[in-house]
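Quick notes on the structure that follows.
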Amino acid sequence: QVQLVESGGGLVQTGGSLRLNCVVSGRTFGSYFIAWLRQAPGKEREFVAGLDWGDNIIGYSDFVKGRFTISRDNAKNTVYLQMNSLKPEDTAVYYCAADTPRNGRIDWKSAAYWGQGTQVTVSS
């Protein structure tokens with residue numbers, strides 16, 4: 001089993017910054033790909049950014065490129081999402097998820113392990 005606990009969400013004005021944290025416990029931290037996803041009210045959950053077990057970036061969604069940065073601290077079993085230049089459309093519950101590839105890919109919307117989510121609200 002893998003447990004994921006997010007923190008760092010909150011209320012911020014347009015143009016502000018937040019750093020989300022995802023602490024991973026349970027199985028070996030380095031065995032999993034980790035991703036951040038988000039879900040806004042009335043919308044489907046969507047991929048934001050992800051890392052593989054070698055700390056390589058597996059991708060950012062177009063809507064966050066140049067503004068968000070994902071990183072990983074293996075010593076602290078923590079994955080971060082630094083969010084800069086926040087916009088009202090970034091308002092959502094942000095989740096971290098963990099999984100391992102099957103046939104070379106991961107369907108993140110059906111990832112094996114999820115945190116409880118942290119609310120990010122960006123005011124205009």
Side-chain angles (χ1 to χ4, degrees):
Q1 277 286 24
V2 175
Q3 292 80 42
L4 303 149
V5 179
E6 303 97 332
S7 63
L11 173 64
V12 65
Q13 292 185 333
T14 297
S17 297
L18 285 173
R19 189 181 78 165
L20 305 184
N21 313 300
C22 174
V23 178
V24 184
S25 60
R27 294 278 183 87
T28 304
F29 179 57
S31 300
Y32 292 89
F33 286 35
I34 306 290
W36 286 96
L37 295 93
R38 70 186 188 185
Q39 188 166 19
K43 295 187 177 181
E44 291 189 355
R45 196 167 294 186
E46 57 186 1
F47 176 87
V48 176
L51 283 170
D52 69 12
W53 45 49
D55 294 345
N56 299 305
I57 307 295
I58 60 175
Y60 291 99
S61 287
D62 288 344
F63 51 77
V64 304
K65 282 181 181 176
R67 300 188 299 124
F68 291 11
T69 303
I70 188 171
S71 62
R72 182 169 182 155
D73 185 336
N74 289 332
K76 296 182 178 180
N77 284 7
T78 301
V79 176
Y80 304 100
L81 185 68
Q82 178 66 44
M83 306 187 297
N84 298 327
S85 302
L86 283 161
K87 306 175 182 180
E89 51 264 42
D90 294 318
T91 295
V93 177
Y94 284 72
Y95 299 89
C96 63
D99 209 337
T100 54
R102 298 171 189 78
N103 298 318
R105 65 183 301 273
I106 297 173
D107 179 1
W108 283 108
K109 294 181 181 179
S110 302
Y113 302 101
W114 292 89
Q116 82 289 351
T118 185
Q119 176 71 47
V120 171
T121 303
V122 185
S123 63
S124 56

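Not measured: the values here are computed from a predicted model.
Distance alone, capped at 3.5 Å, is enough to place a donor-acceptor pair between the Arg72 side chain and the Asp52 backbone.
To the nearest 0.5 angstrom, Leu4 atom CG is 11.0 Å from Thr78 atom OG1. Ser61 OG to Arg38 CZ: the interatomic distance, rounded to the nearest 0.5 Å, is 7.5 Å. One finds the CZ atom of Arg19 at 8.5 Å from the OG atom of Ser7 (value rounded to the nearest 0.5 Å). For the atom pair CG of Asn21 and NZ of Lys76, the computed distance is 9.5 Å after rounding to the nearest 0.5 Å. Distance check, rounded to the nearest 0.5 Å: OG1 of Thr100 to CZ of Phe33 gives 8.5 Å. To the nearest 0.5 Å, the span separating OG1 on Thr91 from CD on Gln119 amounts to 7.5 Å.
Connection of Trp36 to Val12 is established within a shared hydrophobic cluster, with ILVMFWY side chains joined at heavy-atom distances below 4.5 Å, either directly or through further cluster members. Linking ILVMFWY residues whenever their side-chain heavy atoms come closer than 4.5 Å, directly or via other members, leaves Val23 and Leu51 in distinct clusters. Clustering ILVMFWY residues whenever any of their side-chain heavy atoms sit less than 4.5 angstrom apart, transitively, puts Val64 in the very cluster that holds Ile57. Both Phe63 and Phe68 are part of a single hydrophobic cluster, where members link through side-chain heavy atoms under 4.5 Å apart.
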From CA spacing to verdict: side chain to side chain contact (heavy atoms under 4.5 Å, CB included), Ile106, Ile58: CA-CA 11 Å; Ile106 297 173; Ile58 60 175; 5.7 Å; no

Show your working on side chain to side chain contact (heavy atoms under 4.5 Å, CB included) between Met83 and Arg67 and close with a plain yes or no. CA-CA 6 Å; Met83 306 187 297; Arg67 300 188 299 124; over 6 Å; no

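Residues that satisfy the side-chain contact (heavy atoms from CB on, under 4.5 Å) test with Ser71, not counting sequence neighbours, are Tyr80.
Contact of the Pro88 side chain with the Thr14 side chain is registered, since non-hydrogen atoms from C-beta on lie closer than 4.5 Å. Counting heavy atoms from C-beta outward, Tyr94 and Glu6 have side chains that stay 4.5 Å or more apart.
We find that Lys87 and Asp90 are not joined by a salt bridge, their nearest charged nitrogen and carboxylate oxygen being 4.0 Å or further apart.
The minimum heavy-atom distance between Gln39 and Lys43, with the atom names listed, is NE2-O, 3.1 Å. For the pair Ala111 and Ala98, the tightest heavy-atom approach, listed with the atom from each and the gap, is CB-O, 4.0 Å. Considering every non-hydrogen atom in both Gly9 and Val120, the closest pair reads CA-CG2, 4.1 Å.
Using cut-offs of 30° and 60° on the angle between ring planes, the pair Phe47 and Trp108 is tilted.
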